Visitor: 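Could you have a look at this structure, given as structure tokens, before my questions?
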Amino acid sequence: MRSFLEIDDLTKSELHRVLDLCLDPNPPKVLENQGIALIFEKPSNRTRNSMEMAAYQLGGHPVYIKGEELGFDKRESVEDAVATLSSYYKCISARVFDHKTLERMATLGLCPIVNLLSDAGHPMQALADVITLVEEFGDLEGKSFAFVGDGNNVFRSFAMAAGMLGAEIRYAGPGNYRLSELDKDRLATIGVEVNEFDFAQEAVDGVNAVYTDVWTSMGQESQTEERKRAFEAFTVDADLMSVASSDAIFLHCLPAHRGEEVTEEVLDGQMSRIWRQSENRMHAARGLLAWLLGEGQDDE
Ligand code: CP
Ligand code: NVA
């Protein structure tokens with residue numbers, strides 16, 4: 001039973017196969033007459049809507065379920081809720097506060113589990129990110145990408161995906177907000193090294209893409225003010241973009257806070273690919289589900 005909790009659940013060749021399927025507008029209808037559960041403990045625009053449309057395009061029926069309705073470990077245990085849902089659905093996907101919830105779901109082995117964002121990672125976003133980069137640059141081998149700001153869930157999954165495709169991964173952000181040593185070790189096991197810089201200009205120098213995300217992720221709202229102070233020097237603005245390569249593009253997973261992690265000029269400017277990136281969430285979702293519920297299960 002295969003699940004998709006993080007990019008490194010895929011081998012390099014499986015990642016390439018998933019990306020091929022993402023670019024196929026008519027992959028096998030692996031959800032024909034079947035359903036997929038979409039559980040959300042946190043809000044969403046892109047993830048919910050791209051997953052719903054992808055499920056429909058694969059012949060299936062998506063059902064949106066609010067986390068509070070299931071009440072994991074309050075109304076009933078995660079295990080009992082998932083045992084029930086797995087009798088209705090071919091696949092269960094979930095956006096959760098604690099990544100361990102997804103691990104508990106997957107350990108049951110009752111149906112494939114898909115991570116729709118946790119505190120640890122956002123692999124569905126990373127697939128869309130690398131599709132966007134491949135559309136722009138073709139082969140990513142030898143390209144360099146800088147992530148500026150919070151070394152968070154989005155960055156961890158992005159580093160894995162772009163790193164596995166052969167890109168150099170650079171990062172600039174404050175010392176306390178970087179990937180953990182555990183995460184860096186995990187990246188090292190798949191051959192990905194993150195080059196860390198103290199100053200954004202050093203990380204961005206000559207790169208092919210600059211990526212940022214909000215400074216305060218969902219669930220961290222009480223830290224908003226301290227984070228604003230910590231990330232003050234890490235706004236992506238036109239000056240910073242000017243030290244990147246002349247063909248460089250700007251990425252943001254959205255939602256964005258104009259004037260905080262990125263200026264309006266960059267987010268809405270010529271270098272920005274945010275709308276390709278957000279559309280690619282749907283193609284990524286379709287390709288990943290086509291692989292996971294088809295070939296991914298055949299491999300067993
Ligand atoms: N990028 C992303 O996951 O957006 P949502 O939170 O709106 O789903
Ligand atoms: N890092 C952000 C991403 C939102 C799509 C969060 O976790 O809230």
Side-chain angles (χ1 to χ4, degrees), residues 4-7 22 36-55 62 64-67 93-102 114-133 147-162 171 173-174 176-180 183 209-224 226-228 230-231 234-236 250-258 260-262 267 272-289:
F4 183 63
L5 304 194
E6 185 50 286
I7 291 290
C22 294
I36 176 169
L38 312 177
I39 301 167
F40 283 86
E41 292 186 342
K42 312 181 193 184
S44 169
N45 173 358
R46 281 143 290 272
T47 307
R48 175 189 176 173
N49 289 289
S50 61
M51 288 292 292
E52 290 212 15
M53 287 312 298
Y64 171 77
I65 306 166
K66 272 193 179 172
S93 61
R95 169 169 285 194
V96 298
F97 283 99
D98 185 349
H99 191 79
K100 287 194 190 73
T101 305
L102 290 166
V114 175
N115 180 2
L116 300 181
L117 181 148
S118 69
D119 54 335
H122 197 1
M124 298 301 289
Q125 178 67 51
L127 292 176
D129 301 338
V130 293
I131 293 170
T132 309
L133 290 163
F147 193 98
V148 175
D150 191 14
N152 61 13
N153 47 3
V154 168
F155 175 51
R156 187 175 95 151
S157 298
F158 173 73
M160 283 186 192
Y171 166 83
N176 297 342
Y177 296 93
R178 297 183 177 182
L179 287 185
S180 67
D183 284 335
V210 179
Y211 194 165
T212 192
D213 183 16
V214 290
W215 293 337
T216 301
S217 285
M218 292 180 277
Q220 299 172 335
E221 288 78 6
S222 64
Q223 303 166 24
T224 302
E226 70 187 81
R227 283 172 167 270
K228 272 188 192 167
F231 291 107
F234 295 94
T235 298
V236 177
F250 171 78
L251 299 177
H252 194 307
C253 59
L254 304 178
H257 295 153
R258 288 171 172 79
E260 288 187 20
E261 74 276 4
V262 59
L267 192 76
S272 178
R273 294 292 181 276
I274 56 171
W275 304 124
R276 283 302 309 154
Q277 207 183 348
S278 78
E279 180 186 328
N280 282 334
R281 290 296 310 273
M282 181 172 70
H283 307 309
R286 192 180 58 241
L288 183 279
L289 292 176

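Remember, it's a predicted structure, so these values are computed and weren't measured experimentally. Start at 1 and go down the list; that is how both ligands and their atoms are numbered.
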Visitor: Are any of the N/O atoms in K42 less than 3.5 Å from those in ligand 2?
Guide: no
Visitor: Specify the protein heavy atom at minimum distance from atom 7 (O) of ligand 1: its residue, its atom name, and the distance to 0.1 Å.
Guide: N45 N, 2.7 Å
Visitor: H122 heavy atoms, cut-off 4.0 Å: which ligand 1 atoms fall inside?
Guide: 2 (C), 3 (O)
Visitor: Please report which non-hydrogen protein atom sits nearest to atom 8 (O) of ligand 2, along with the residue it belongs to and the distance in Å to one decimal place.
Guide: M218 N, 2.8 Å
Visitor: Who's the nearest protein heavy-atom neighbour of atom 4 (O) of ligand 1, and how far?
Guide: R46 NE, 2.9 Å
Visitor: Could you walk me through whether H99 and E6 pass the side-chain hydrogen bond (donor to acceptor under 3.5 Å, both in side chains) check?
Guide: CA-CA 10 Å; H99 191 79; E6 185 50 286; over 6 Å; no
Visitor: I need the nearest protein heavy-atom contact for atom 4 (C) of ligand 2: residue, atom name and distance, please.
Guide: L117 CD1, 3.8 Å
Visitor: Just to check, does L254 reach to within less than 4.0 Å of ligand 2 when the distance is taken from its heavy atoms?
Guide: yes
Visitor: Give yes if a backbone or side-chain nitrogen or oxygen of P255 is under 3.5 Å from a nitrogen or oxygen of ligand 1, and no if not.
Guide: no
Visitor: Less than 6.0 angstrom from the centroid, inside 45 degrees of the normal: does R48 satisfy that with respect to the ring of Y64?
Guide: yes
Visitor: Considering only heavy atoms of R281, which atoms of ligand 1 have at least one such atom less than 4.0 Å away?
Guide: 1 (N), 2 (C), 3 (O)
Visitor: Do any N or O atoms from the side chain of Y171 and from the backbone of D150 form a donor-acceptor pair under 3.5 angstrom?
Guide: no
Visitor: With the side chain counted from C-beta on, respond yes when I36 and S93 share a heavy-atom pair under 4.5 Å apart, and no when they do not.
Guide: yes
Visitor: Keeping R258 on the side-chain end and L267 on the backbone end, is there a donor-acceptor pair under 3.5 Å?
Guide: no
Visitor: Please say which of R281, M124, Q277 ends up in a side-chain contact (heavy atoms from CB on, under 4.5 Å) with D129.
Guide: Q277
Visitor: Counting each atom of ligand 2 from 1 as listed, which ones have a heavy atom of N153 under 4.0 Å away?
Guide: 1 (N), 6 (C), 7 (O)
Visitor: Rounded to the nearest 0.5 Å, what separation is found between the CZ atom of R286 and the CE atom of M282?
Guide: 6.0 Å
Visitor: Determine whether the side chain, the backbone, both or neither of L117 has a heavy atom under 4.0 Å from any heavy atom of ligand 1.
Guide: neither
Visitor: Counting only heavy atoms closer than 4.0 Å, does ligand 1 sit against the backbone of Q125, its side chain, both, or neither?
Guide: side chain
Visitor: Which ligand 2 atoms, with their elements, are less than 4.0 angstrom from a heavy-atom of N152?
Guide: 1 (N)
Visitor: Quick check: does D213 get an N/O under 3.5 Å from an N/O on ligand 2?
Guide: yes
Visitor: Counting each atom of ligand 2 from 1 as listed, which ones have a heavy atom of S217 under 4.0 Å away?
Guide: 1 (N), 2 (C), 6 (C), 7 (O), 8 (O)
Visitor: Among all protein heavy atoms, pick the one closest to atom 6 (O) of ligand 1 and tell me residue, atom and distance.
Guide: R95 NH1, 2.9 Å
Visitor: Can you spot which of R227, Q220, E221, E226 makes a side-chain hydrogen bond (donor to acceptor under 3.5 Å, both in side chains) with Q223?
Guide: R227
Visitor: Sort out for me which residue in P123, C253, S217, S118 forms a side-chain contact (heavy atoms from CB on, under 4.5 Å) with N153.
Guide: S217
Visitor: Before giving the answer on side chain to side chain contact (heavy atoms under 4.5 Å, CB included), spell out for E52 and L38 the whole-Å C-alpha distance, their side-chain angles and the decisive distance to 0.1 Å.
Guide: CA-CA 8 Å; E52 290 212 15; L38 312 177; 3.5 Å; yes
